[in-house]
Amino acid sequence: MKRRHFIKKASLTGVGLAVGSSLVSCDEAKSKEQSAEKTIANQSTATVPLVIATWHVIDATAKAMEILQADGNALDAVEQGCRVEEANEKGQSVGKGGLPDRDGNVTLDASIMDKHGNCGSVIYLQNITHAISVARKVMEDTPHVMLAGEGAKQFAVTKGFEPENLLTEASKEAWEKWKIEAKYKPIINIENHDTIGMLAIDKNGDISGACTTSGLAYKMGGRVGDSPIIGSGLFVDNEVGAAVATGLGEEVVKTVGSFLVVELMRQGKTPQDACEEAISRIVNKPNSDYKNFQVGYIAVNKQGKTGSYSIHQWFSMTKFQGGVNEQIQSDYFNKA
Ligand code: GLY
């Protein structure tokens with residue numbers, strides 16, 4: 001399947017932060033707005049609710065926005081949005097239909113984080129399509145943050161998730177072809193997307209985030225990427241903003257990428273500048289092999305401003321805000 005190469009511009013309107021008046025008093029809303037303005041100076045505000053996601057996933061952002069428009073919270077929105085892609089068998093990097101590891105096993109990583117800084121993740125989960133919902137159950141129903149492998153699967157089963165075969169005919173065929181040469185090499189911008197990460201701000205102005213993936217295609221058995229590692233694949237700070245990563249997880253883990261983006265926003269950088277700085281930490285390492293792999297970040301700050309940036313061309317962000325659900329092509333580092 002060919003990546004769709006179309007470019008649209010962001011449509012930030014610069015109107016005030018629309019906090020739901022039925023749930024938050026005017027004074028509270030005003031003080032929230034003032035403290036956000038103090039933290040990040042000289043930025044116009046934008047309309048909420050809003051949702052952004054990695055890659056071209058307009059059905060997923062539409063689902064999330066449906067929840068936000070019905071006064072749902074950001075946590076429900078990002079979980080339900082990610083579930084759309086997990087169930088989409090055509091997406092070969094997430095959930096059912098994800099490409100397997102080199103032994104033919106589809107293994108999933110996912111994480112989720114709420115406005116209180118609570119988080120949950122699953123690592124190397126097999127035979128359960130909706131890894132993101134299992135991650136949420138880990139967050140809400142256990143005293144832990146991470147569950148891995150067979151333990152994660154057993155936990156999911158006790159919570160009512162039905163085990164199923166996640167290796168579709170198409171992914172099996174691709175794996176059989178790969179086995180002929182069995183070359184292990186990350187593919188830049190694999191298929192039509194990679195990890196799905198989603199960040200949302202609800203009508204109360206609260207932020208949550210989620211990400212879900214089948215990880216690198218044909219990875220070594222047992223390999224874990226950035227997506228279930230809180231701070232690497234995903235980070236949310238409801239006072240500042242949130243970030244999520246896609247691409248070669250090893251490089252994101254080495255720079256604790258999503259936490260870095262949020263901390264840079266805390267220091268006053270815009271989401272765009274923060275994403276660019278996080279990419280620069282990867283590409284400017286001595287002996288960086290960045291020409292051979294992709295990493296991309298998306299971010300949102302408390303005021304609803306967004307940013308996205310990647311190493312290579314053709315990374316994109318889907319953004320649903322102010323009634324517009326659109327794919328936005330990201331700027332990128334490697335223009336040589
Ligand atoms: N970013 C997904 C992974 O590396 O597993």
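Order of appearance sets the numbers: ligands from 1, and atoms from 1 within every ligand. What you are looking at is a predicted structure, and each value in this text was computed from that prediction instead of being measured.
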Using a 4.0 Å cut-off to any heavy atom of [X], which atoms of ligand 1 qualify?
X	result
G247	1 (N), 2 (C), 3 (C), 4 (O)
G249	3 (C), 4 (O)
S227	1 (N), 2 (C)
G225	5 (O)
D226	1 (N), 2 (C), 3 (C), 4 (O)

| Taking NZ, NE, NH1 and NH2 as the nitrogens, is one of them in E263 or R266 under 4.0 Å from a carboxylate oxygen of the other? | yes
Is [Y] reachable from [X] through a run of hydrophobic residues whose side-chain heavy atoms are each under 4.5 Å from the next?
X	Y	answer
Y332	Y297	no
I128	Y124	no
V252	V256	yes

| field | Geometric class of the W178/Y218 ring pair [parallel <30°, tilted 30-60°, perpendicular >60°] | value |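 The arrangement is parallel - the two ring planes meet at less than 30°.
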| field | Closest protein heavy atom to atom 2 (C) of ligand 1, given as residue, atom name and distance to 0.1 Å | value | T195 OG1, 2.9 Å
| query | What protein heavy atom is closest to atom 5 (O) of ligand 1, reported as residue, atom name and distance in Å? | reply | R223 NH1, 2.6 Å
| Inter-residue atom distance M265.CE - D237.CG, 0.5 Å rounding |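 Those atoms lie 9.0 Å apart.
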